[in-house]
Student: 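Below is one structure. I have some questions about it.
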Amino acid sequence: MRWRGWAWAVALSGCVDPLPAVDGDAGVPLAVGEDRAITVHALRLDVTGFEERIDLERLATVPPDVLDRVWLLDLDLAPLVDNALGILRDMPSRD
């Protein structure tokens, strides 16, 4: 399964324009106090059609090995609920 991610990365890397060649002096070490101007390039990734919500039907289609790595599904809510109920219980009645 892990090889699929690498296969996509290799396939999509062909869709990117190559960066210009680096200046010839870029590999030469700098002396103390010497400076050099560089240009930093970044690749912008635009995502369209990304859905941030997942319903129970789609959650049921997620492979079990992926669900095992989703920590939020394994989160024990009992201590959080006990804490919230304790705070509500201990609040003065006028609040």
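Excluded from the calculations below are hydrogen atoms, water molecules and symmetry mates; all remaining heavy atoms, backbone and side chain alike, are included. Predicted model only: the values in this text are computed from it and were never measured. Along the sequence shown, residues are numbered consecutively beginning with 1.
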Student: Would you give the length of the straight line joining atom CG of L85 to atom CG of L80, rounded to the nearest 0.5 angstrom?
Tutor: 11.0 Å

Student: Once side-chain contact (heavy atoms from CB on, under 4.5 Å) is applied, do any residues pair with L45, and if so which ones, sequence neighbours excluded?
Tutor: V47

Student: So, using side-chain contact (heavy atoms from CB on, under 4.5 Å) as the criterion, who are the partners of E34 when residues are at least two apart?
Tutor: L30, A31

